[in-house]
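First the structure, in the form of structure tokens, and then the observations on it.
Being a predicted model, the structure only gives us computed values, none of them experimental.
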Amino acid sequence: AKKMHWAPNDVMLHLFDELEQQPARQDMRYVLALLLVRRRVMRLEEEAKEPDGRETLVLYCPRREATYRVPVVMPDDARTNEIQQELTNLLFSKAS
């Protein structure tokens with residue numbers, strides 16, 4: 001049977017950085033940020049409100065000794081499925 005393996009954490013962090021420059025994909029960056037917190041690559045420091053009222057996650061990455069502000073952009077159901085598929089294609093590999 002084939003087992004799915006996550007991409008290395010550095011690959012996920014690279015994708016996270018790339019998504020910062022793509023405003024149309026901020027929902028995907030938010031979902032990836034949650035995944036990185038779950039995998040303990042980053043940790044949630046606080047949930048903040050920006051002056052314009054938007055919610056933001058403040059995350060810390062010990063590996064990089066860096067703090068990130070990630071806007072909370074909840075995708076709708078259809079977009080959630082798209083993001084899940086895209087992350088699966090980008091971040092999983094099959095191994096026997």
Of the non-hydrogen atoms in Tyr30 and Val73, which two are nearest, and what is the gap between them?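 So the two residues come closest at CD2-O, 3.4 Å.
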What are the two closest heavy atoms between Ala7 and Met12, and how far apart are they?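 Where Ala7 meets Met12 most closely, the heavy atoms are O-CE, 3.8 Å.
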Side chains of [X] and [Y]: does their closest heavy-atom pair fall under 4.5 Å?
{"X": "Leu44", "Y": "Leu59", "answer": "yes"}
{"X": "Ile83", "Y": "Arg79", "answer": "yes"}
{"X": "Val41", "Y": "Phe16", "answer": "no"}
{"X": "Leu87", "Y": "Leu15", "answer": "yes"}
{"X": "Met28", "Y": "Leu90", "answer": "yes"}
{"X": "Leu34", "Y": "Leu57", "answer": "yes"}

Spacing of [atom1] belonging to [X] relative to [atom2] belonging to [Y], to within rounding of 0.5 Å:
{"X": "Tyr60", "Y": "Met42", "atom1": "OH", "atom2": "CE", "value": "11.0 Å"}
{"X": "Asp17", "Y": "Tyr68", "atom1": "CG", "atom2": "OH", "value": "5.0 Å"}
{"X": "Asn9", "Y": "Leu36", "atom1": "CG", "atom2": "CG", "value": "7.5 Å"}
{"X": "Thr80", "Y": "Met74", "atom1": "OG1", "atom2": "CE", "value": "7.0 Å"}
{"X": "Arg29", "Y": "Glu20", "atom1": "CZ", "atom2": "CD", "value": "4.0 Å"}

If you draw a 6.0 Å radius around CD in Glu50, do more than 12 non-hydrogen atoms from other residues or ligands fall strictly inside?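 Enclosed.
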How would you list, by chain and number, every residue that makes a salt bridge (Lys or Arg N to Asp or Glu O under 4.0 Å) with [X], sequence neighbours excluded?
{"X": "Arg63", "answer": "Asp10"}
{"X": "Glu45", "answer": "Arg43"}
{"X": "Asp52", "answer": "Arg54"}

Going by atom types only, do Gln85 and Asn89 share a side-chain donor-acceptor pair under 3.5 Å?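 Side chains of Gln85 and Asn89: pair found under 3.5 Å.
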Donor-acceptor contact below 3.5 Å, side chain Gln26 vs main chain Gln22: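 Checking the backbone N and O of Gln22 against the side chain of Gln26, a donor-acceptor pair under 3.5 Å is found.
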